[in-house]
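Written below as structure tokens is the structure these notes are about.
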Amino acid sequence: MSGSVPEGATKSRYSESERRLLERYVSVVEPREHADVFLIQNLPPEVAATLNGVYSRSSKSLRDNLLDRLKKGLESVGRDFEELVADLPEQESEPLEQVISDKAGQFLKTYAIDHGHNSLREGSVVHLAVENVSQLVTRYIQRERRCSFEESSTRYISFEREGHWRDPDVVAHGGEVLEAYDKAIEESFALYQELSRELLEHLKRERPLSEGERENAWIRALRAEAFDAARYLLTPAINTKWGLVIDARTLSDVIRELRSHPLKEFQQVGDRLSEEASSVLPTLLAHGVRNEFLAAQHVDVRAVSQSVLAQTDPTERQPETRLLDYDKSLDQKLLASMLYEHSDRSFSELQAEVERLDEKGQLELFEKLLGGRGKHDDLPIGLEGAQPFCFETLVDFGAYRDIGRHRKGLQQQQLLTTRHGFVVPPLVDQAGFGDRFRAVMRRCAEHQQAVADKFPHAAGYVTPFGFLQRIRLIFDPRQVGYFVELRSKPDGHFAYREVAQDMYRLLREVAPLYAQFIQAFLGDAFVGRMVSEQTADDKRRERMRRAGDL
């Protein structure tokens, strides 16, 4: 119950009016003697951030600081606290919101903006829906590591009804450049629509429903596999939609980067994010403005890089993953790191002790530390305690959209291009569409290059997902383990499964002891996906049953 009093509570420290007011904003009114945990509710995000900020300068409870600020705010505008509280039940809207927000805004302007106290801005969180935006701007925003995203999946949803973004600068230029832009989208999307249907029919013929299999699960598995292949023809110009949960400090940074980008859509999305979020964060987005240094990076640094680029002809190529750098004493450092928090020895002493053990002794120590880990148990945090792995992978853009969700580490993506060639999903060849697929991809490469010669950034919109891109990934050992275990699962997309499996093979070469405790999956993908889909309905019903019990 909102505003509840803990069992055994003594006489309230608050007046009846104060209690009534606090019940609006905190879940527990009376302080507990120990572990006094309560929800802050119904407050504007900036007010909540202000109250968090006051903790560092006040010995009072958040409850008391809230009352103090309310009373001072009311006094400043000539309103009486007791009378206002007495009328609360009759108020249709929040009677104190404007007073609170005004006071909070002034506090935040002084401390969060003028004095640079960014931690206050992290206390204000907003949930935004972002719809009808391109895959290109989506991927750019979703590089950010300090927030949460949920996006429409190209694996489970048909994109036949989605529109495409036409870059305004390309449209204004017109002529052959615009014609090439439009043709790249039209030709690739037409074949995408056809393959989405034809590949599904092919799979139905090749893998008919078996006795004991559930039809709905069978269809879901086949559709996912068909979309996995057909999506290679989608372009980043196609619209998507997603949700964003983000704090004010991070949102301000995202808006600044978008407004500093050369593409008009990026600037427009930055403006819209600012407009909508400012309704609840009127003070905290003050730094979200165009930055000339960031803007110059897109032009000046690219000009420097062009001097060392060689032109290549687009052709069919294979993805690859290479290990650029790693910790030469990884197994030993990971053992020392896992022991460190439970010891009083220095790290160098622990590492020296571990290195005195032979390989059998080190493996036995790994077994003691990780051998009891279950299927759903997280890898311990000590596995972050060694030099990160630096991988470079040549992978299609479609797969990178999923790889890019692993934001715990550095990821660098180069500007989308057709220079590295493209991949042909095996299912496309198996269904007899290989020649048409290759012909469309080669024509799209010509169209893309015609756009890139004039508008290198806008050309990213018309680079089909199937073209390979060079990506640099720097993950700590724990994140590598997590990535391998999650992305090698049989119900995953075949392209990122290959990256995960390659990472695991490289890990086995340089850290053979640690690799033995990574639960990688190297088996057949389709069988695993079918099993996953066949059990999904049972799992869903079980979750619903548990929710009903709760």
Task: Value rounded to 0.5 Å, distance of CG in Leu233 from CD1 in Ile238 - done: 11.0 Å
- [ ] Only counting residues at least two apart or in another chain, list the ones meeting salt bridge (Lys or Arg N to Asp or Glu O under 4.0 Å) with Arg407.
- [x] none
Task: Pairwise side-chain contact, Gln469 with Thr417, heavy-atom cut-off 4.5 Å (strictly under) - done: yes
- [ ] On the 0 to 90° scale, with breaks at 30° and 60°, tag the His457-His298 ring pair as parallel, tilted or perpendicular.
- [x] perpendicular
Task: Phe467-Phe397 aromatic ring centre distance below 6.0 Å - done: no
Task: Gap separating the CG atom of Leu258 from the CG atom of Asp253, nearest 0.5 angstrom - done: 11.0 Å
Open item on the list: Regarding Asp325 and Arg322, does a basic nitrogen lie under 4.0 Å from an acidic carboxylate oxygen?
Closed with: no
Task: Shortest non-hydrogen separation from Thr418 to Thr463 and the atoms involved - done: CG2-CG2, 4.1 Å
TODO: State, to 0.1 Å, how close Pro236 and Gly460 come at their nearest heavy-atom pair, and which atoms those are.
DONE: CG-O, 3.2 Å
Open item on the list: Can you tell whether the side chains of Arg401 and Glu151 come within less than 4.0 Å, N to carboxylate O?
Closed with: yes
Open item on the list: Quick one, Glu349 and Glu353 - any side-chain contact, counting heavy atoms below 4.5 Å?
Closed with: no
Open item on the list: Quick one: does any side-chain atom of Ser343 pair with a main-chain N or O of Leu339 as donor and acceptor, under 3.5 Å?
Closed with: no
TODO: Answer yes or no: is there a donor N or O on one side and an acceptor on the other, between the side chain of Ser329 and the main chain of Gln332, under 3.5 Å?
DONE: no
Open item on the list: Checking Lys241 against Glu150 for the salt bridge (Lys or Arg N to Asp or Glu O under 4.0 Å) test, could you report, in this order, the C-alpha distance in whole Å, the side-chain angles of both residues, the deciding distance, and whether it holds?
Closed with: CA-CA 9 Å; Lys241 49 188 176 293; Glu150 287 293 337; over 6 Å; no
- [ ] Using side chain to side chain contact (heavy atoms under 4.5 Å, CB included) as the criterion, list what pairs up with Leu128, not counting sequence neighbours.
- [x] Val126, Leu244, Leu251, Leu273, Glu276
TODO: Ignoring hydrogens and angles, tell me if any N or O in the side chain of Arg487 forms a donor-acceptor pair with the backbone of Ile403 under 3.5 Å.
DONE: no
TODO: Could you tell me whether a side-chain N or O of Glu485 sits under 3.5 Å from a main-chain N or O of Tyr482, the two making a donor and an acceptor?
DONE: no
Task: Closest heavy-atom pair and its distance - Tyr504, Ala515 - done: OH-O, 3.3 Å
Open item on the list: Between Trp242 and Thr138, is there a side-chain donor-acceptor contact under 3.5 Å, judged purely by atom types and distance?
Closed with: yes
Open item on the list: Would you say NZ of Lys328 has more than 12 non-hydrogen atoms from neighbouring residues, nucleotides or ligands within 6.0 angstrom?
Closed with: yes
Task: is_close_aromatic(Phe475, Phe389), centroid dist under 6.0 Å - done: no
Open item on the list: Quick test of your reading of the model: are Asp247 and Arg146 salt-bridged, counting only N-O distances below 4.0 Å?
Closed with: no
- [ ] Could you go through the side chain to side chain contact (heavy atoms under 4.5 Å, CB included) check for Glu320 and Arg470 one step at a time?
- [x] CA-CA 10 Å; Glu320 61 181 9; Arg470 203 176 296 284; 4.2 Å; yes
TODO: Cation-pi check, Arg231 to Phe465: give yes when NZ or CZ is under 6.0 Å from the six-membered ring centre and within 45° of the ring axis, no otherwise.
DONE: no
TODO: Taking all heavy atoms of Glu30 and all of Asp36, pick out the closest pair and write down the distance.
DONE: O-OD1, 4.4 Å
Task: Student check: side-chain heavy atoms of Val125 and Ile246 closer than 4.5 Å - done: no
Task: Test side-chain hydrogen bond (donor to acceptor under 3.5 Å, both in side chains) applied to Lys368 - qualifying residues, sequence neighbours left out - done: none
- [ ] Give, for atom CD1 of Ile219 and atom CD of Glu213, the distance between the pair rounded to the nearest 0.5 Å.
- [x] 11.0 Å
Open item on the list: Can you confirm whether Met441 sits close enough to Tyr232 that some side-chain heavy atom of one is under 4.5 Å from a side-chain heavy atom of the other?
Closed with: no
- [ ] Identify whether NZ of Lys or CZ of Arg in Arg143 sits under 6.0 Å from the centre of the six-membered ring of Tyr140 and within 45° of that ring's axis.
- [x] yes
- [ ] Would you check if Gln501 and Leu522 make a side-chain contact, meaning some heavy-atom pair closer than 4.5 Å?
- [x] yes
Open item on the list: If you apply the rule side chain to side chain contact (heavy atoms under 4.5 Å, CB included), what do you find for Val510 with Leu506, and how did you get there?
Closed with: CA-CA 7 Å; Val510 301; Leu506 292 166; 5.9 Å; no
Open item on the list: Do the side chains of Arg438 and Asp429 get close enough for a salt bridge, i.e. N-O under 4.0 angstrom?
Closed with: yes
Task: Side-chain donor or acceptor of Ser252 paired with backbone N/O of Gly288 under 3.5 Å - done: yes
Task: Selection residues 499-519 - residue pairs positive for salt bridge (charged side-chain N to carboxylate O under 4.0 Å, His left out), sequence neighbours left out - done: Asp502-Arg505
Task: Side-chain (Arg373) to main-chain (Asp377) donor-acceptor, under 3.5 angstrom - done: yes
- [ ] Evaluate side chain to side chain contact (heavy atoms under 4.5 Å, CB included) for Tyr340 paired with Ser346, printing each intermediate quantity in order.
- [x] CA-CA 8 Å; Tyr340 184 79; Ser346 70; 5.8 Å; no
Open item on the list: Does Leu234 form a side chain to side chain contact (heavy atoms under 4.5 Å, CB included) with Gln135? I'd like the steps, not just the answer.
Closed with: CA-CA 10 Å; Leu234 291 174; Gln135 297 275 352; 5.8 Å; no
Open item on the list: Checking the side chain of Asp396 only, and the main-chain atoms of Leu468 only, is there a donor and an acceptor separated by less than 3.5 Å?
Closed with: no
TODO: Identify whether NZ of Lys or CZ of Arg in Arg63 sits under 6.0 Å from the centre of the six-membered ring of Phe38 and within 45° of that ring's axis.
DONE: yes
TODO: State, yes or no, whether a side-chain contact exists between Leu335 and Gln362 at a heavy-atom distance under 4.5 Å.
DONE: yes
Task: Exam field: side chain Arg497 to backbone Lys489, donor-acceptor pair closer than 3.5 Å - done: yes
Open item on the list: To check you understand the geometry: which heavy-atom pair defines the closest contact between Ala336 and Val354, and what is its length?
Closed with: N-CG2, 4.2 Å
Open item on the list: My understanding is that only residues two or more places apart in sequence, or in another chain, count here; which of them pass side-chain hydrogen bond (donor to acceptor under 3.5 Å, both in side chains) with Ser260?
Closed with: none
Open item on the list: Could you measure the distance from the CZ atom of Arg405 to the CD atom of Gln411? Nearest 0.5 Å is fine.
Closed with: 12.0 Å
Task: Main-chain N/O of Phe521 paired with Ser488 side-chain donor or acceptor, under 3.5 Å - done: yes
Open item on the list: How long is the straight-line distance from CD of Gln413 back to CG of Leu473, given to the nearest 0.5 Å?
Closed with: 10.5 Å
- [ ] Output all residues satisfying side chain to side chain contact (heavy atoms under 4.5 Å, CB included) with Gln516, sequence neighbours left out; order by chain, then residue number.
- [x] Leu363, Leu513
Task: Donor-acceptor pair, side chain of Thr240 and main chain of Ser134, under 3.5 angstrom - done: no
Task: CD1 on Ile474 to CD on Gln387, rounded to 0.5 Å - done: 9.5 Å
Task: Residue from Phe391, Tyr400, Phe483 passing ring pair (Phe, Tyr, Trp, His ring centres under 6.0 Å) with His406 - done: Phe483
Task: Lys408/Glu384 salt bridge by N-O under 4.0 Å criterion - done: yes
Task: Side chain proximity check, Arg419 to Gln448, heavy atoms < 4.5 angstrom - done: no
Task: Min side-chain heavy-atom separation His420-Leu394 under 4.5 Å - done: yes
